[in-house]
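Report on the following structure.
Letters A, B, ... mirror the listed sequences (proteins, then strands); counts begin at 1.
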There are 2 protein chains.
Amino acid sequence: MKKLTVKQVAKLSGVSVRALHHYDEIGILRPAFLGENGYRYYGEEELLRLQQILIHRELGIALGDIAKLIDAPGFDRLSALRQQRERLAAEAIRFAQLVTTIDRTIASLQGEITMKNAELYRGISPDKQAEYEAWLIDRYGDGVVPEIALSRKTYAQLSADEQQAMQSKLQEIEEGLAEGMRRGLPTGSPSLDPLLHRHREWVAFMWGRPCPPEAYAGLADTYLAHADFVARYEAIAPGFAMYLANSMKVFAHRLE
Amino acid sequence: MKKLTVKQVAKLSGVSVRALHHYDEIGILRPAFLGENGYRYYGEEELLRLQQILIHRELGIALGDIAKLIDAPGFDRLSALRQQRERLAAEAIRFAQLVTTIDRTIASLQGEITMKNAELYRGISPDKQAEYEAWLIDRYGDGVVPEIALSRKTYAQLSADEQQAMQSKLQEIEEGLAEGMRRGLPTGSPSLDPLLHRHREWVAFMWGRPCPPEAYAGLADTYLAHADFVARYEAIAPGFAMYLANSMKVFAHRLE
DNA sequence: CTTGACCCTCACGCAACGTGAGGGCGCAAG
DNA sequence: CTTGCGCCCTCACGTTGCGTGAGGGTCAAG
């Protein structure tokens with residue numbers, strides 16, 4: 001195909017020429033080649049790569065981390081697109097949730113309902129990067145933690161032993177909850193609280209920031225929205241994904 | 001109600017203590033009062049204001065502009081919430097659109113369909129602030145332009161006469177298109193192209209950046225998603241909102 | 001050749017905080 | 001009273017992702 005200049009790519013994609021320069025500088029999106037005149041020229045491969053970059057940016061991922069993801073060994077574009085699809089679907093759900101929050105706020109201001117303070121912020125994502133990383137960590141929680149997760153200061157500062165301990169801790173919590181399910185404890189049973197309390201602390205630690213109740217409830221939605229999570233929890237015990245998510249939500253509700 | 005400290009607000013809302021400090025510094029969210037100990041204490045009013053701030057942030061609005069919006073004379077919280085609701089609903093639609101873009105990319109990579117380059121970026125919002133401002137400008141296009149729009153460099157640099165000219169230009173374009181509709185020209189009629197061409201240039205000028213075809217098509221969706229827009233176009237002529245949006249989409253499609 | 005659009009590199013500056021330093025406050029336990 | 005811990009404060013450096021403008025070269029059309 002005919003190679004495109006920065007202006008043409010900018011028009012196609014909506015990003016600025018300056019941004020394309022910047023992406024070249026930091027090495028995240030190199031032009032296909034440089035002309036004798038010093039001009040940058042882009043091709044089909046670059047356009048596809050740019051798409052990946054922009055969708056990640058849309059999801060709030062830092063450029064440095066985007067590069068790591070795209071350049072990871074074994075990167076598979078189709079697989080990446082499917083992952084991104086999941087995330088985008090979750091974002092759509094989250095915005096729908098924000099609409100609900102506003103509806104409830106309006107009803108509250110008009111005296112029709114009573115709304116707790118924490119509900120004001122339900123659906124607001126304080127940090128998409130942290131959420132994404134939590135997602136990744138959870139996804140690879142069986143010990144295969146991508147390098148991106150290691151960039152997280154809190155986690156990165158742990159020794160290998162400590163990191164292993166975190167993984168074991170999660171496993172322990174999940175196994176405990178699964179056992180509760182096997183024994184027929186209903187979601188919302190107070191006897192699950194200690195485990196959920198530990199789980200929420202685990203999440204907050206991984207996030208390096210507080211995990212307020214509504215964020216914890218939101219995380220439960222995230223779990224259910226991601227096929228990877230569902231599959232992983234179902235592997236622990238059939239029906240566990242829904243059981244865990246419901247438990248988290250009820251627990252979160254009780255905290256508010 | 002009991003006043004809350006920064007840690008408590010942070011936990012409720014998910015923002016950091018540092019951010020709350022920052023918001024106080026820049027005057028966008030003042031605490032209800034300062035204790036004798038120098039501590040910040042927040043109340044119900046501050047929590048509601050913070051909600052407004054965070055939703056605007058969620059929609060990509062700069063903090064400085066958020067302050068202007070919230071502190072505008074005649075600010076009405078219920079009205080603001082309804083506006084935000086519209087925007088959030090549109091964002092949910094946009095993310096759903098991104099999902100479609102990915103599905104099509106996957107199909108394209110698997111050789112099932114043919115995809116044009118510009119389609120790769122359909123649904124990606126290069127600049128939410130610009131989009132929001134375009135929305136505001138369009139909303140107040142009858143001459144009542146909020147101060148936020150004046151902060152836009154390109155527009156701000158125009159003289160009052162020139163700004164008036166821009167408003168007249170839009171009116172002229174819209175009237176021309178409405179006339180086309182009244183004469184029974186179908187959407188997609190080539191005779192509408194000059195007007196649509198001028199319209200798209202108008203949008204790009206207002207945006208201060210290019211308006212690629214898919215962004216133009218996306219703008220049409222934005223128009224239909226906002227009750228204010230629909231009402232405004234219907235006021236020009238019954239059925240005009242849909243006619244304009246369809247014309248824009250067909251025109252955009254032809255440009256790709 | 002001139003003009004206008006587009007290309008380049010260079011570099012300052014900004015927004016929105018994150019992070020750490022250094023130190024005070026409040027409460028409960030010893 | 002002392003200590004320890006969690007939380008509060010201000011101060012200030014630094015990061016990320018560009019926007020913007022300066023100064024100058026390239027290309028195509030008139």
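Of the possible polar contacts, none joining the B:Y39 side chain to the B:V6 backbone as a donor-acceptor pair under 3.5 Å is found. For the pair A:R49 (side chain) and A:I28 (backbone), a donor-acceptor distance under 3.5 Å is present. No donor-acceptor pair closer than 3.5 Å links the side chain of A:R40 to the backbone N or O of A:L34.
As a whole-Å value, the separation of A:K11 NZ from C:dC6 P is 8 Å. When rounded to the nearest whole Å, the span between CG of A:D24 and C1' of D:dG17 equals 15 Å. The NE2 atom of A:H22 sits 17 Å away from the P atom of C:dC12 (whole-angstrom rounding). Atom CG of A:L20 is separated from atom P of C:dC7 by 10 Å (rounded to the nearest Å). Going from atom CD1 of A:I66 over to atom P of D:dC18 covers 9 Å, rounded to whole Å. The distance from atom NE2 of A:H56 to atom C1' of D:dT16 is 18 Å, rounded to the nearest whole Å. For B:L63 and C:dC14, the CG to C1' distance is 13 Å, given to the nearest whole Å. Following rounding to the nearest Å, A:E25 (CD) and C:dC8 (C1') show an atom-to-atom distance of 12 Å.
Candidate nucleotides C:dC7, D:dC8, C:dC17 were compared by shortest atom distance to the side chain of B:A19, and C:dC17 ranks first. Taking only side-chain atoms of A:S16, from C-beta outward, the nucleotide of D:dG19, C:dC8, D:dC18 with the closest atom is D:dG19. With distances taken from any side-chain atom of A:Y23 to the nucleotides C:dT9, C:dC17, D:dC18, the minimum falls on D:dC18. Here the side chain of B:T5 is nearest to one of C:dT19, D:dC18, D:dC8, namely D:dC8. For A:Y39, the listed nucleotide lying nearest its side chain is D:dG25; candidates were D:dT10, D:dG25, D:dG19.
Contact check, B:R57 against C:dA16: no side-chain N or O comes under 4.0 Å of OP1 or OP2. For the OP1/OP2 pair of D:dG21 and a distance below 4.0 Å, the side-chain nitrogens and oxygens of A:R18 include no atom meeting the criterion.
Classification of B:R77 and B:E45 as a salt-bridged pair holds, one side-chain N sitting under 4.0 Å from a carboxylate O.
Residues A:H21 and B:N37 each lie close to DNA chain C; by heavy-atom proximity, the contact nearer the 5' end of the strand is made by A:H21.
In this pair, B:H197 and B:F251 present their aromatic rings perpendicular. The plane angle is above 60°, beyond the 30 to 60° band.
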